[in-house]
Amino acid sequence: MEYEFVKKYLEPKKTGNVILDLNPMSKLNLMFVFGLLPFLIQNYWFGFGMVLFFMAVAKLAGKFQTFFKLYWKVLLLFGVFLFLVKAAFSPGEHVLYQLGGICVTTESIADGLNIVSLVLAFSGAFILFSKTTPMEDLTYSLEKKGVSHVVSFIILSSSQTIKDLGNNAQIIMDSQKARGIETEGNMLQRAKAYIPVMGPLILNAISSTEEKSIAMDARAFSAPVEHTFLSELPEVSKREKIFVGLMDIGFLVVLIWRVAAWVL
């Protein structure tokens with residue numbers, strides 16, 4: 001049993017899923033390629049196709065539930081709002097509906113669908129990346145590329161602090177609810193219940209920051225020596241390098257094509 005425990009940290013960390021086991025830098029590269037590609041194509045059918053593609057990838061990675069739990073909020077809050085604004089106020093010639101300053105045209109609907117597809121495509125790529133890439137793996141890869149361990153710690157600490165604040169806020173809200181304080185209802189009622197939470201939440205965050213600084217000092221975080229790592233990531237395979245390289249080449253081809261079309 002002790003051997004199995006030690007072996008877990010001696011071997012490169014793998015999950016057995018091809019998507020999850022991609023190198024974090026490869027996934028970061030692909031995030032920008034797939035997220036920015038709809039901005040070059042400028043076709044909402046392609047943009048919405050990318051949205052379905054991200055959902056399929058999340059399903060194959062076993063992260064669909066956590067991915068869609070956040071993604072549907074982006075779809076509802078930003079997607080619907082942007083579409084309604086663009087459809088109601090963008091100029092166009094073929095009028096479908098008009099009321100006062102609101103003028104819905106076929107062109108404005110197309111503009112609305114286009115901007116929504118761009119927002120959903122890029123946000124989908126970013127959310128998929130965040131859900132399939134542990135932040136500690138990303139910061140580890142950045143350090144391997146020469147990034148300072150201070151910068152990588154700031155990135156990791158910021159990400160973890162956001163999660164901790166959300167968890168602590170939920171714990172405080174549950175304790176308030178257990179005391180009989182109404183925490184559900186309309187937006188005004190929720191705001192009244194959430195305001196008293198801010199004080200303990202901020203104090204807890206300050207206390208947590210102090211604890212982290214003491215722990216870092218005790219572990220000689222600023223010592224001018226090479227740092228060690230608890231686990232190792234697997235080496236990037238040739239197949240992965242070829243795949244990412246082909247995606248980059250394809251992106252550059254589309255970029256050159258679009259630039260040439262704009263110039264000419």
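Atom set for the values below is all heavy atoms of this structure, side chains included, hydrogens, waters and symmetry mates excluded.
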same_hphob_cluster([X], [Y]) at 4.5 Å side-chain heavy-atom cutoff:
| X | Y | result |
| --- | --- | --- |
| F46 | V119 | yes |
| F251 | I256 | no |
| V80 | V51 | yes |

Donor-acceptor pair, side chain of K27 and main chain of L20, under 3.5 angstrom: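 Present.
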Whether E240 side chain and N23 backbone form a donor-acceptor pair below 3.5 Å: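 Yes; at least one donor-acceptor contact below 3.5 Å.
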Is the shortest heavy-atom distance from the side chain of [X] to the side chain of [Y] under 4.5 Å?
| X | Y | value |
| --- | --- | --- |
| V236 | M25 | no |
| L113 | F48 | yes |
| L120 | V116 | yes |
| I127 | F54 | no |
| M31 | L28 | yes |

Parallel, tilted or perpendicular: rings of F32 and F122 (30°, 60°): tilted
Parallel, tilted or perpendicular, as decided by the 30° and 60° cut-offs, for the rings of Y71 and F68: perpendicular
Rounded to the nearest 0.5 Å, what's the gap from [atom1] on [X] to [atom2] on [Y]? Could you check?
| X | Y | atom1 | atom2 | answer |
| --- | --- | --- | --- | --- |
| K59 | M55 | NZ | CE | 12.5 Å |
| F64 | T66 | CZ | OG1 | 10.0 Å |
| L30 | D248 | CG | CG | 7.5 Å |
| Q65 | K63 | CD | NZ | 11.0 Å |
| L128 | I19 | CG | CD1 | 7.5 Å |
| L118 | L36 | CG | CG | 10.5 Å |

Contact summary for Y140 and L233, nearest pair of heavy atoms: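 What the structure gives for the nearest pair is CD2-CD1, 3.5 Å.
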Nearest heavy atoms of G35 and P38, plus distance in Å: O-CD, 3.6 Å
side-chain contact (heavy atoms from CB on, under 4.5 Å), paired with V244, selected from L22, V33, N29: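 Of the listed options, the one satisfying the test is N29.
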Pairs touching residues 110-130 that satisfy side chain to side chain donor-acceptor pair (under 3.5 Å), sequence neighbours left out: Q42-N114
Evaluation steps, side-chain contact (heavy atoms from CB on, under 4.5 Å), between F129 and L138: CA-CA 10 Å; F129 170 76; L138 176 62; 4.0 Å; yes
F126, CZ atom: more than 12 neighbouring heavy atoms under 6.0 Å: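 Counting neighbours around CZ of F126, 12 or fewer heavy atoms of other residues, nucleotides or ligands fall under 6.0 Å, so no.
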Residue pair I115, F83: steps toward the side-chain contact (heavy atoms from CB on, under 4.5 Å) verdict: CA-CA 7 Å; I115 189 67; F83 174 75; over 6 Å; no
ILVMFWY cluster membership beyond I249 - transitive side-chain contacts under 4.5 angstrom: V253
